Trainee: 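I'd like to ask some things about the structure below.
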Amino acid sequence: MLKISDLCAGYGGAQVLHDLNLDVRPAEILCVMGRNGAGKTTLLRAIMGQLARQSGHIILDGTDIQTLPAHQVPRLGIGYVPQGRRLFGELTVAENMEIGLQTRGRGAVTRDRVLQLFPRLRDRLGQISQTLSGGEQQMLAIARALCLEPKILLLDEPSEGLQPSMIRLIGDTVRALRQTGVAIVLVEQRVAPVLAVADRVAFIERGTCAEICDATDLNTNAPQFQRYVGV
Amino acid sequence: MAFGPFLLLALMEGLVTAAVLALTALGLSLVFGVMRVVNVAHGAFFMLGAVGAWFVTEWVGNPPALGFALALVICPLAVGAIAALANGLVLKRLNYDPEATIVATIGLLYIFQQMALTLYGPDARPVPAPFSFRVQLPWFGYSGYKLAVIGAAAVVLAGVWLVLNRSKIGLVMRATQIDREMAQAFGINVDRVYAGVFAMGAGLAAVAAVLIVPIQQAHYLMGGDPLLLSFIVVIIGGLGSLRGTLVAALLIGLSDGVISVFFSPTLAKIIATLLVALVLVFRPQGLFGRQVTR
(Lines give C-alpha, C1' and ligand atoms only; values in the text may rest on other atoms or scores of the structure.)
Protein backbone atom coordinates (compact mmCIF):
# COMPACT_ATOMS: atom_id res chain seq x y z
CA MET A 1 0.00 0.00 0.00
CA LEU A 2 2.70 2.48 1.10
CA LYS A 3 6.26 1.55 0.26
CA ILE A 4 9.21 3.64 1.37
CA SER A 5 12.52 2.79 -0.21
CA ASP A 6 16.00 4.24 0.30
CA LEU A 7 14.54 7.42 1.78
CA CYS A 8 16.98 10.16 2.73
CA ALA A 9 15.50 13.31 4.23
CA GLY A 10 16.21 16.00 6.80
CA TYR A 11 16.12 19.68 7.60
CA GLY A 12 18.21 22.06 5.54
CA GLY A 13 21.70 20.62 5.41
CA ALA A 14 21.12 18.17 8.29
CA GLN A 15 20.21 14.72 7.04
CA VAL A 16 18.09 12.77 9.54
CA LEU A 17 16.84 9.76 7.56
CA HIS A 18 19.44 7.57 5.88
CA ASP A 19 18.29 5.07 3.23
CA LEU A 20 15.21 4.15 5.24
CA ASN A 21 13.08 1.27 3.96
CA LEU A 22 9.61 0.47 5.25
CA ASP A 23 6.28 -0.74 3.95
CA VAL A 24 2.78 -0.28 5.33
CA ARG A 25 0.19 -2.94 4.55
CA PRO A 26 -3.54 -2.35 4.13
CA ALA A 27 -5.58 -2.29 7.34
CA GLU A 28 -2.65 -2.86 9.66
CA ILE A 29 -1.39 -0.94 12.66
CA LEU A 30 2.31 -0.35 12.23
CA CYS A 31 3.93 1.18 15.29
CA VAL A 32 7.15 3.11 14.86
CA MET A 33 9.43 3.27 17.87
CA GLY A 34 12.86 4.70 18.57
CA ARG A 35 14.79 7.01 20.84
CA ASN A 36 14.36 10.77 20.78
CA GLY A 37 15.98 12.13 17.64
CA ALA A 38 15.96 8.76 15.87
CA GLY A 39 13.88 10.22 13.02
CA LYS A 40 10.32 9.07 13.77
CA THR A 41 8.67 12.47 13.36
CA THR A 42 10.94 13.25 10.42
CA LEU A 43 9.69 10.09 8.74
CA LEU A 44 6.04 11.19 9.08
CA ARG A 45 6.85 14.69 7.89
CA ALA A 46 8.72 13.31 4.90
CA ILE A 47 5.67 11.21 3.99
CA MET A 48 3.51 14.35 4.21
CA GLY A 49 5.87 16.21 1.87
CA GLN A 50 6.80 18.76 4.51
CA LEU A 51 10.55 18.34 4.05
CA ALA A 52 12.66 19.24 1.06
CA ARG A 53 13.08 16.21 -1.15
CA GLN A 54 16.47 14.56 -0.96
CA SER A 55 16.41 11.04 -2.38
CA GLY A 56 14.49 7.80 -2.31
CA HIS A 57 10.87 6.96 -3.03
CA ILE A 58 7.58 7.00 -1.15
CA ILE A 59 5.11 5.04 -3.27
CA LEU A 60 1.40 5.10 -2.39
CA ASP A 61 -0.65 2.71 -4.51
CA GLY A 62 1.76 3.11 -7.42
CA THR A 63 2.22 6.91 -7.17
CA ASP A 64 5.54 8.36 -6.02
CA ILE A 65 4.27 11.02 -3.62
CA GLN A 66 7.79 12.41 -3.12
CA THR A 67 7.39 14.18 -6.45
CA LEU A 68 4.09 15.86 -5.50
CA PRO A 69 3.58 19.25 -3.86
CA ALA A 70 2.75 18.91 -0.15
CA HIS A 71 -0.90 19.90 -0.53
CA GLN A 72 -1.58 17.01 -2.92
CA VAL A 73 -0.44 14.32 -0.48
CA PRO A 74 -3.56 14.43 1.75
CA ARG A 75 -5.73 14.43 -1.36
CA LEU A 76 -4.44 10.94 -2.11
CA GLY A 77 -5.77 9.71 1.23
CA ILE A 78 -3.10 10.25 3.85
CA GLY A 79 -4.31 11.77 7.11
CA TYR A 80 -1.86 13.27 9.61
CA VAL A 81 -2.16 13.86 13.33
CA PRO A 82 1.05 15.70 14.25
CA GLN A 83 2.84 15.73 17.56
CA GLY A 84 1.34 18.43 19.77
CA ARG A 85 -1.91 18.27 17.70
CA ARG A 86 -1.41 21.61 15.94
CA LEU A 87 -5.12 22.37 15.69
CA PHE A 88 -6.25 25.55 14.00
CA GLY A 89 -6.62 26.95 17.51
CA GLU A 90 -8.71 30.02 16.77
CA LEU A 91 -11.21 28.10 14.66
CA THR A 92 -14.18 26.22 16.10
CA VAL A 93 -14.37 22.45 16.30
CA ALA A 94 -16.75 22.42 13.31
CA GLU A 95 -14.43 24.65 11.28
CA ASN A 96 -11.42 22.44 12.02
CA MET A 97 -13.37 19.47 10.72
CA GLU A 98 -14.62 21.44 7.72
CA ILE A 99 -11.02 22.03 6.58
CA GLY A 100 -10.61 18.29 6.14
CA LEU A 101 -14.08 17.74 4.73
CA GLN A 102 -13.74 20.26 1.93
CA THR A 103 -10.52 18.65 0.71
CA ARG A 104 -11.55 15.03 0.39
CA GLY A 105 -14.45 14.01 2.61
CA ARG A 106 -18.03 13.33 1.59
CA GLY A 107 -19.58 16.20 3.52
CA ALA A 108 -22.27 15.42 6.09
CA VAL A 109 -21.89 11.65 5.69
CA THR A 110 -18.22 11.74 6.65
CA ARG A 111 -18.83 14.27 9.38
CA ASP A 112 -21.55 12.16 11.02
CA ARG A 113 -19.41 9.04 10.84
CA VAL A 114 -16.48 10.82 12.49
CA LEU A 115 -18.70 12.30 15.19
CA GLN A 116 -19.99 8.82 15.97
CA LEU A 117 -16.43 7.91 16.89
CA PHE A 118 -16.10 11.02 19.06
CA PRO A 119 -19.61 11.89 20.31
CA ARG A 120 -18.16 14.37 22.83
CA LEU A 121 -17.18 16.65 19.97
CA ARG A 122 -20.77 16.84 18.76
CA ASP A 123 -21.66 18.95 21.82
CA ARG A 124 -18.72 21.26 21.22
CA LEU A 125 -18.97 21.97 17.50
CA GLY A 126 -19.26 25.72 18.06
CA GLN A 127 -16.47 25.91 20.63
CA ILE A 128 -13.10 27.48 19.81
CA SER A 129 -10.75 24.52 19.61
CA GLN A 130 -7.96 25.97 21.74
CA THR A 131 -10.38 26.14 24.68
CA LEU A 132 -10.96 22.35 24.64
CA SER A 133 -9.29 20.10 27.22
CA GLY A 134 -6.12 18.25 26.19
CA GLY A 135 -8.00 15.01 25.60
CA GLU A 136 -10.70 16.72 23.58
CA GLN A 137 -8.07 18.48 21.50
CA GLN A 138 -6.49 15.12 20.69
CA MET A 139 -9.92 13.76 19.74
CA LEU A 140 -10.40 16.72 17.43
CA ALA A 141 -6.93 16.30 15.90
CA ILE A 142 -7.81 12.69 15.03
CA ALA A 143 -11.35 13.63 13.93
CA ARG A 144 -9.99 16.38 11.68
CA ALA A 145 -7.65 13.90 9.99
CA LEU A 146 -10.47 11.36 9.61
CA CYS A 147 -12.55 13.98 7.79
CA LEU A 148 -10.13 13.39 4.89
CA GLU A 149 -11.43 9.79 4.69
CA PRO A 150 -7.83 8.57 4.75
CA LYS A 151 -6.56 5.24 3.52
CA ILE A 152 -3.56 5.70 5.81
CA LEU A 153 -3.55 7.62 9.07
CA LEU A 154 -0.25 8.87 10.50
CA LEU A 155 -0.37 9.44 14.27
CA ASP A 156 2.59 11.09 15.99
CA GLU A 157 2.58 10.34 19.72
CA PRO A 158 -1.17 10.78 20.20
CA SER A 159 -1.06 9.65 23.84
CA GLU A 160 1.47 12.31 24.87
CA GLY A 161 0.27 14.16 27.97
CA LEU A 162 -3.08 12.38 28.18
CA GLN A 163 -4.73 10.59 31.08
CA PRO A 164 -5.04 6.76 30.92
CA SER A 165 -8.76 6.76 30.05
CA MET A 166 -8.08 8.99 27.06
CA ILE A 167 -5.18 6.78 25.95
CA ARG A 168 -7.53 3.77 26.09
CA LEU A 169 -10.09 5.66 24.01
CA ILE A 170 -7.48 6.45 21.37
CA GLY A 171 -6.42 2.80 21.35
CA ASP A 172 -10.04 1.72 20.87
CA THR A 173 -10.45 4.24 18.07
CA VAL A 174 -7.32 3.06 16.31
CA ARG A 175 -8.52 -0.56 16.45
CA ALA A 176 -11.96 0.47 15.18
CA LEU A 177 -10.34 2.28 12.25
CA ARG A 178 -8.35 -0.80 11.33
CA GLN A 179 -11.63 -2.72 11.17
CA THR A 180 -12.82 -0.26 8.52
CA GLY A 181 -9.72 -0.88 6.38
CA VAL A 182 -7.63 2.15 7.35
CA ALA A 183 -3.91 1.50 7.76
CA ILE A 184 -2.36 3.21 10.77
CA VAL A 185 1.22 4.35 11.27
CA LEU A 186 1.56 5.08 14.96
CA VAL A 187 4.66 6.75 16.37
CA GLU A 188 4.80 5.99 20.06
CA GLN A 189 7.40 5.99 22.82
CA ARG A 190 5.63 3.84 25.38
CA VAL A 191 5.60 0.06 25.25
CA ALA A 192 2.18 -0.71 26.74
CA PRO A 193 0.06 1.25 24.23
CA VAL A 194 2.12 -0.22 21.39
CA LEU A 195 1.65 -3.81 22.47
CA ALA A 196 -2.06 -3.13 22.99
CA VAL A 197 -2.72 -2.20 19.37
CA ALA A 198 0.20 -3.03 17.06
CA ASP A 199 0.27 -5.61 14.30
CA ARG A 200 3.93 -4.89 13.57
CA VAL A 201 6.54 -2.70 15.19
CA ALA A 202 9.30 -0.91 13.26
CA PHE A 203 12.33 0.20 15.28
CA ILE A 204 14.10 3.28 13.97
CA GLU A 205 17.70 3.91 14.91
CA ARG A 206 19.83 6.81 13.66
CA GLY A 207 17.49 7.53 10.78
CA THR A 208 17.16 4.04 9.41
CA CYS A 209 14.78 1.15 10.01
CA ALA A 210 16.87 -1.20 12.13
CA GLU A 211 14.33 -3.98 12.69
CA ILE A 212 10.69 -4.84 12.05
CA CYS A 213 8.90 -7.36 14.26
CA ASP A 214 5.45 -8.87 14.42
CA ALA A 215 3.83 -7.60 17.59
CA THR A 216 2.95 -11.14 18.59
CA ASP A 217 6.70 -11.85 18.85
CA LEU A 218 7.18 -9.06 21.37
CA ASN A 219 6.39 -8.70 25.06
CA THR A 220 7.13 -5.94 27.55
CA ASN A 221 10.55 -7.46 28.28
CA ALA A 222 11.57 -7.91 24.66
CA PRO A 223 15.21 -6.90 24.13
CA GLN A 224 14.30 -4.67 21.18
CA PHE A 225 12.64 -2.17 23.50
CA GLN A 226 15.80 -1.92 25.58
CA ARG A 227 18.04 -1.72 22.53
CA TYR A 228 16.14 0.74 20.37
CA VAL A 229 13.96 2.69 22.80
CA GLY A 230 15.91 2.46 26.03
CA VAL A 231 13.04 1.23 28.25
CA MET B 1 -19.29 79.02 12.56
CA ALA B 2 -19.96 77.98 16.16
CA PHE B 3 -17.83 75.33 17.83
CA GLY B 4 -20.47 72.55 17.72
CA PRO B 5 -21.10 72.62 13.96
CA PHE B 6 -17.39 73.12 13.35
CA LEU B 7 -16.67 69.97 15.35
CA LEU B 8 -19.39 68.09 13.44
CA LEU B 9 -17.78 69.15 10.15
CA ALA B 10 -14.38 67.99 11.39
CA LEU B 11 -15.82 64.64 12.47
CA MET B 12 -17.49 64.14 9.10
CA GLU B 13 -14.23 64.86 7.30
CA GLY B 14 -12.54 62.44 9.67
CA LEU B 15 -15.09 59.76 8.88
CA VAL B 16 -14.33 60.06 5.15
CA THR B 17 -10.60 59.68 5.90
CA ALA B 18 -11.31 56.77 8.24
CA ALA B 19 -13.48 54.96 5.69
CA VAL B 20 -10.86 55.12 2.94
CA LEU B 21 -8.07 54.38 5.38
CA ALA B 22 -9.88 51.34 6.74
CA LEU B 23 -10.10 49.85 3.24
CA THR B 24 -6.45 50.55 2.45
CA ALA B 25 -5.14 49.35 5.80
CA LEU B 26 -7.31 46.25 5.73
CA GLY B 27 -5.56 45.17 2.52
CA LEU B 28 -2.16 45.68 4.13
CA SER B 29 -3.26 43.89 7.29
CA LEU B 30 -4.68 40.89 5.38
CA VAL B 31 -1.45 40.43 3.45
CA PHE B 32 0.64 40.56 6.60
CA GLY B 33 -1.80 38.45 8.62
CA VAL B 34 -2.00 35.57 6.16
CA MET B 35 1.34 35.77 4.32
CA ARG B 36 3.59 37.46 6.93
CA VAL B 37 4.69 39.81 4.17
CA VAL B 38 5.20 43.51 4.96
CA ASN B 39 4.02 44.88 1.65
CA VAL B 40 5.75 48.21 1.05
CA ALA B 41 4.30 48.21 -2.49
CA HIS B 42 0.79 48.60 -1.04
CA GLY B 43 0.87 52.36 -1.62
CA ALA B 44 1.76 51.73 -5.26
CA PHE B 45 -1.32 49.53 -5.67
CA PHE B 46 -3.37 52.41 -4.23
CA MET B 47 -1.80 54.77 -6.77
CA LEU B 48 -2.41 52.33 -9.65
CA GLY B 49 -6.08 52.20 -8.67
CA ALA B 50 -6.36 55.99 -8.82
CA VAL B 51 -4.41 56.35 -12.06
CA GLY B 52 -6.43 53.50 -13.56
CA ALA B 53 -9.62 55.33 -12.58
CA TRP B 54 -8.42 58.39 -14.49
CA PHE B 55 -7.74 56.30 -17.61
CA VAL B 56 -11.12 54.57 -17.43
CA THR B 57 -13.12 57.77 -16.86
CA GLU B 58 -11.23 59.55 -19.67
CA TRP B 59 -11.89 56.62 -21.99
CA VAL B 60 -15.61 56.48 -21.19
CA GLY B 61 -16.16 60.24 -21.13
CA ASN B 62 -19.79 61.11 -20.46
CA PRO B 63 -21.71 60.44 -18.35
CA PRO B 64 -19.11 60.59 -15.54
CA ALA B 65 -21.15 58.20 -13.41
CA LEU B 66 -20.76 55.43 -15.99
CA GLY B 67 -17.00 55.90 -16.20
CA PHE B 68 -16.72 55.95 -12.43
CA ALA B 69 -18.85 52.83 -12.04
CA LEU B 70 -16.71 51.01 -14.60
CA ALA B 71 -13.54 52.21 -12.86
CA LEU B 72 -14.87 50.89 -9.56
CA VAL B 73 -15.16 47.43 -11.12
CA ILE B 74 -12.22 47.36 -13.54
CA CYS B 75 -9.48 49.00 -11.46
CA PRO B 76 -9.58 46.68 -8.41
CA LEU B 77 -9.68 43.65 -10.71
CA ALA B 78 -6.80 44.94 -12.84
CA VAL B 79 -4.70 45.94 -9.83
CA GLY B 80 -5.48 42.59 -8.19
CA ALA B 81 -4.29 40.80 -11.33
CA ILE B 82 -1.07 42.85 -11.36
CA ALA B 83 -0.53 41.99 -7.70
CA ALA B 84 -1.12 38.28 -8.32
CA LEU B 85 1.42 38.43 -11.15
CA ALA B 86 3.95 40.22 -8.92
CA ASN B 87 3.35 37.60 -6.25
CA GLY B 88 4.07 34.77 -8.68
CA LEU B 89 7.09 36.42 -10.28
CA VAL B 90 8.75 37.78 -7.15
CA LEU B 91 7.39 36.86 -3.71
CA LYS B 92 6.81 33.17 -4.36
CA ARG B 93 10.34 32.80 -5.69
CA LEU B 94 11.63 34.29 -2.44
CA ASN B 95 9.61 31.66 -0.56
CA TYR B 96 7.85 34.54 1.22
CA ASP B 97 10.92 35.15 3.37
CA PRO B 98 9.95 38.11 5.63
CA GLU B 99 13.16 40.11 5.21
CA ALA B 100 13.65 39.44 1.50
CA THR B 101 10.05 40.35 0.67
CA ILE B 102 10.40 43.76 2.35
CA VAL B 103 13.26 44.59 -0.02
CA ALA B 104 11.41 43.06 -2.96
CA THR B 105 8.24 45.08 -2.33
CA ILE B 106 10.31 48.26 -2.05
CA GLY B 107 11.59 47.36 -5.53
CA LEU B 108 8.05 46.76 -6.76
CA LEU B 109 6.99 50.14 -5.35
CA TYR B 110 9.63 51.94 -7.45
CA ILE B 111 8.89 49.87 -10.55
CA PHE B 112 5.16 50.70 -10.38
CA GLN B 113 5.86 54.38 -9.66
CA GLN B 114 8.21 54.71 -12.61
CA MET B 115 5.83 52.85 -14.88
CA ALA B 116 3.06 55.27 -13.88
CA LEU B 117 5.38 58.25 -14.43
CA THR B 118 6.24 56.96 -17.90
CA LEU B 119 2.70 56.10 -19.02
CA TYR B 120 0.67 58.68 -17.09
CA GLY B 121 3.08 61.57 -16.59
CA PRO B 122 4.01 63.75 -13.62
CA ASP B 123 0.80 65.80 -13.43
CA ALA B 124 -1.98 65.46 -10.89
CA ARG B 125 -5.23 64.98 -12.82
CA PRO B 126 -8.79 65.23 -11.61
CA VAL B 127 -11.35 62.48 -11.91
CA PRO B 128 -14.94 63.74 -11.97
CA ALA B 129 -17.22 62.60 -9.17
CA PRO B 130 -20.06 60.37 -10.40
CA PHE B 131 -22.61 62.77 -8.95
CA SER B 132 -22.56 66.09 -7.17
CA PHE B 133 -25.19 67.13 -4.70
CA ARG B 134 -25.00 68.75 -1.30
CA VAL B 135 -26.74 67.56 1.81
CA GLN B 136 -27.97 70.72 3.47
CA LEU B 137 -27.62 70.58 7.24
CA PRO B 138 -28.93 73.43 9.47
CA TRP B 139 -25.39 74.80 9.87
CA PHE B 140 -23.65 73.97 6.62
CA GLY B 141 -23.95 72.01 3.38
CA TYR B 142 -21.93 68.83 2.95
CA SER B 143 -20.82 66.87 -0.13
CA GLY B 144 -23.21 64.03 -0.90
CA TYR B 145 -20.36 62.23 -2.64
CA LYS B 146 -18.27 62.17 0.54
CA LEU B 147 -21.20 60.61 2.41
CA ALA B 148 -21.49 58.05 -0.39
CA VAL B 149 -17.78 57.23 0.05
CA ILE B 150 -18.43 56.42 3.71
CA GLY B 151 -21.39 54.22 2.77
CA ALA B 152 -19.54 52.42 -0.03
CA ALA B 153 -16.53 51.74 2.21
CA ALA B 154 -18.85 50.33 4.88
CA VAL B 155 -20.46 48.00 2.33
CA VAL B 156 -17.05 46.74 1.08
CA LEU B 157 -15.80 46.25 4.64
CA ALA B 158 -18.92 44.27 5.52
CA GLY B 159 -18.40 42.18 2.39
CA VAL B 160 -14.81 41.41 3.37
CA TRP B 161 -15.95 40.44 6.87
CA LEU B 162 -18.55 38.10 5.38
CA VAL B 163 -15.99 36.50 3.04
CA LEU B 164 -13.51 35.99 5.87
CA ASN B 165 -15.96 34.69 8.46
CA ARG B 166 -18.82 33.09 6.57
CA SER B 167 -17.34 31.52 3.44
CA LYS B 168 -15.21 28.49 2.63
CA ILE B 169 -12.60 30.73 1.03
CA GLY B 170 -12.39 32.73 4.24
CA LEU B 171 -12.05 29.54 6.29
CA VAL B 172 -9.16 28.41 4.10
CA MET B 173 -7.52 31.83 4.46
CA ARG B 174 -7.87 31.78 8.25
CA ALA B 175 -6.50 28.25 8.49
CA THR B 176 -3.50 29.24 6.35
CA GLN B 177 -2.97 32.29 8.54
CA ILE B 178 -2.89 30.13 11.68
CA ASP B 179 -0.59 27.33 10.46
CA ARG B 180 0.68 27.23 6.88
CA GLU B 181 2.22 23.77 7.17
CA MET B 182 -0.88 22.16 8.66
CA ALA B 183 -3.02 23.87 6.04
CA GLN B 184 -0.95 22.07 3.42
CA ALA B 185 -1.32 18.83 5.36
CA PHE B 186 -5.06 19.21 4.84
CA GLY B 187 -4.88 19.75 1.12
CA ILE B 188 -4.88 23.53 0.99
CA ASN B 189 -2.85 24.93 -1.89
CA VAL B 190 -1.04 27.61 0.08
CA ASP B 191 0.54 29.19 -3.01
CA ARG B 192 -2.91 29.76 -4.47
CA VAL B 193 -4.19 31.20 -1.17
CA TYR B 194 -1.24 33.59 -1.03
CA ALA B 195 -1.82 34.74 -4.61
CA GLY B 196 -5.49 35.34 -3.82
CA VAL B 197 -4.77 37.21 -0.60
CA PHE B 198 -2.13 39.41 -2.23
CA ALA B 199 -4.54 40.21 -5.05
CA MET B 200 -7.36 40.89 -2.59
CA GLY B 201 -5.17 43.21 -0.51
CA ALA B 202 -4.14 45.17 -3.60
CA GLY B 203 -7.73 45.20 -4.84
CA LEU B 204 -8.91 46.74 -1.56
CA ALA B 205 -6.29 49.49 -1.90
CA ALA B 206 -7.50 50.10 -5.45
CA VAL B 207 -11.16 50.34 -4.32
CA ALA B 208 -10.12 52.91 -1.72
CA ALA B 209 -8.21 54.87 -4.35
CA VAL B 210 -11.08 54.92 -6.84
CA LEU B 211 -13.42 56.14 -4.12
CA ILE B 212 -11.11 58.93 -2.99
CA VAL B 213 -9.72 60.08 -6.35
CA PRO B 214 -12.62 62.45 -7.17
CA ILE B 215 -11.70 64.27 -3.94
CA GLN B 216 -7.89 64.12 -4.18
CA GLN B 217 -6.83 63.85 -7.88
CA ALA B 218 -4.64 61.11 -9.32
CA HIS B 219 -0.84 61.44 -9.14
CA TYR B 220 1.98 58.94 -9.53
CA LEU B 221 3.37 59.71 -6.06
CA MET B 222 0.02 59.68 -4.26
CA GLY B 223 0.63 56.26 -2.63
CA GLY B 224 3.03 57.55 0.02
CA ASP B 225 0.55 59.02 2.51
CA PRO B 226 -1.92 56.12 2.39
CA LEU B 227 0.98 53.70 2.88
CA LEU B 228 2.27 55.58 5.92
CA LEU B 229 -1.19 55.92 7.45
CA SER B 230 -1.97 52.27 6.73
CA PHE B 231 1.15 51.18 8.56
CA ILE B 232 0.17 53.45 11.45
CA VAL B 233 -3.30 51.90 11.51
CA VAL B 234 -2.17 48.26 11.36
CA ILE B 235 0.52 48.78 13.99
CA ILE B 236 -1.94 50.43 16.36
CA GLY B 237 -4.71 47.95 15.61
CA GLY B 238 -2.47 44.89 15.60
CA LEU B 239 -0.98 43.37 12.45
CA GLY B 240 -3.38 40.86 10.96
CA SER B 241 -6.37 41.84 13.12
CA LEU B 242 -9.44 42.89 11.12
CA ARG B 243 -11.18 44.32 14.18
CA GLY B 244 -8.04 46.18 15.25
CA THR B 245 -7.62 47.63 11.77
CA LEU B 246 -11.17 49.00 11.74
CA VAL B 247 -10.93 50.49 15.23
CA ALA B 248 -7.52 52.04 14.57
CA ALA B 249 -8.66 53.43 11.20
CA LEU B 250 -11.60 55.09 12.93
CA LEU B 251 -9.32 56.46 15.66
CA ILE B 252 -6.68 57.78 13.25
CA GLY B 253 -9.20 59.01 10.68
CA LEU B 254 -11.32 60.92 13.18
CA SER B 255 -8.33 62.40 15.00
CA ASP B 256 -6.82 63.36 11.65
CA GLY B 257 -10.04 65.10 10.65
CA VAL B 258 -10.51 66.96 13.93
CA ILE B 259 -6.88 67.99 14.41
CA SER B 260 -6.52 69.00 10.76
CA VAL B 261 -9.61 71.20 10.90
CA PHE B 262 -8.89 72.80 14.27
CA PHE B 263 -5.10 72.98 14.09
CA SER B 264 -3.12 71.67 11.11
CA PRO B 265 -2.77 68.47 9.04
CA THR B 266 0.92 68.31 9.95
CA LEU B 267 0.10 68.22 13.67
CA ALA B 268 -2.37 65.39 12.96
CA LYS B 269 0.40 63.30 11.36
CA ILE B 270 2.80 64.08 14.23
CA ILE B 271 0.27 62.91 16.81
CA ALA B 272 -0.53 59.76 14.84
CA THR B 273 3.17 58.91 14.60
CA LEU B 274 3.59 59.59 18.31
CA LEU B 275 0.70 57.23 18.99
CA VAL B 276 2.46 54.51 17.01
CA ALA B 277 5.62 55.03 19.05
CA LEU B 278 3.63 54.71 22.28
CA VAL B 279 1.92 51.54 21.07
CA LEU B 280 5.24 50.02 20.02
CA VAL B 281 6.72 50.77 23.45
CA PHE B 282 3.82 49.77 25.68
CA ARG B 283 1.83 47.26 23.58
CA PRO B 284 3.97 46.06 20.68
CA GLN B 285 1.35 43.59 19.46
CA GLY B 286 -1.12 46.47 18.93
CA LEU B 287 -4.50 47.04 20.53
CA PHE B 288 -6.07 43.84 19.19
CA GLY B 289 -3.07 41.84 17.99
CA ARG B 290 -1.84 38.59 19.47
CA GLN B 291 1.28 38.43 21.58
CA VAL B 292 3.97 36.54 19.68
CA THR B 293 5.98 34.24 21.92
CA ARG B 294 9.35 32.85 20.92
Side-chain angles (χ1 to χ4, degrees), chain A residues 11-12 41 44-52 65 68-105 107 128-130 140-141 143-150 152-156, chain B residues 29-30 32-36 87-88 92-97 100 161-197 238-245 285-286 288-294:
Chain A
Y11 305 89
T41 296
L44 299 194
R45 295 191 65 197
I47 295 172
M48 292 309 296
Q50 293 180 348
L51 304 177
I65 61 176
L68 300 175
H71 71 271
Q72 285 190 15
V73 174
R75 293 177 185 180
L76 295 176
I78 301 183
Y80 181 38
V81 180
Q83 192 173 20
R85 299 150 200 149
R86 289 177 68 176
L87 296 171
F88 299 114
E90 291 154 45
L91 304 186
T92 63
V93 171
E95 287 172 331
N96 268 277
M97 293 176 70
E98 182 63 31
I99 293 288
L101 288 171
Q102 67 182 24
T103 295
R104 202 180 123 89
I128 298 295
S129 59
Q130 65 193 5
L140 177 57
R144 180 180 64 169
L146 292 178
C147 285
L148 289 166
E149 299 227 329
I152 298 182
L153 183 62
L154 313 179
L155 294 159
D156 196 349
Chain B
S29 184
L30 264 179
F32 179 80
V34 178
M35 302 168 68
R36 300 288 158 199
N87 170 70
K92 186 179 167 187
R93 286 163 196 268
L94 296 171
N95 202 23
Y96 302 100
D97 175 76
W161 185 89
L162 280 174
V163 167
L164 287 177
N165 293 288
R166 294 282 184 270
S167 75
K168 288 189 174 180
I169 295 171
L171 180 61
V172 164
M173 283 166 61
R174 285 185 289 146
T176 307
Q177 175 174 4
I178 294 166
D179 191 332
R180 169 187 175 167
E181 200 172 75
M182 284 313 294
Q184 280 182 321
F186 281 86
I188 294 172
N189 186 340
V190 168
D191 286 339
R192 195 175 291 172
V193 173
Y194 281 6
V197 167
L239 281 163
S241 163
L242 174 61
R243 191 168 49 138
T245 300
Q285 75 272 30
F288 294 90
R290 282 173 298 158
Q291 184 100 44
V292 177
T293 51
R294 290 176 190 274

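Note: hydrogens, waters and symmetry copies are ignored here, and every other heavy atom, side chains too, is used. Note that the structure is predicted; figures quoted are calculated from it, not measured.
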Trainee: For chain A, find which of B:Lys168, B:Glu181, B:Gln184 contributes the most heavy-atom pairs closer than 4.5 angstrom.
Mentor: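 Sorted descending by pairs with chain A, the first entry is B:Glu181.
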Trainee: Given 3.5 Å as the limit, does a donor-acceptor pair link the side chain of A:Thr103 with the main chain of B:Ile188, or not?
Mentor: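 No, because the side chain of A:Thr103 does not come within donor-acceptor range (under 3.5 Å) of the backbone of B:Ile188.
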Trainee: So for A:Arg75, is it side chain, backbone, both, or neither that comes closer than 4.5 Å to the heavy atoms of chain B?
Mentor: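 Side chain of A:Arg75 only, per the 4.5 Å heavy-atom cut-off to chain B.
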Trainee: With the side chain counted from C-beta on, respond yes when A:Met97 and A:Leu146 share a heavy-atom pair under 4.5 Å apart, and no when they do not.
Mentor: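 Side-chain contact under 4.5 Å: no.
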Trainee: Carefully, step by step, assess A:Ile47 and A:Ile152 under the rule side-chain contact (heavy atoms from CB on, under 4.5 Å).
Mentor: CA-CA 11 Å; A:Ile47 295 172; A:Ile152 298 182; over 6 Å; no
Trainee: Checking B:Tyr96 against B:Asp191 for the side-chain hydrogen bond (donor to acceptor under 3.5 Å, both in side chains) test, could you report, in this order, the C-alpha distance in whole Å, the side-chain angles of both residues, the deciding distance, and whether it holds?
Mentor: CA-CA 10 Å; B:Tyr96 302 100; B:Asp191 286 339; 4.5 Å; no
Trainee: Counting heavy-atom pairs closer than 4.5 Å to chain B, which one of A:Arg45, A:Met48, A:Gln72, A:Gln50 comes out on top?
Mentor: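 Most heavy-atom pairs within the cutoff with chain B belong to A:Gln50.
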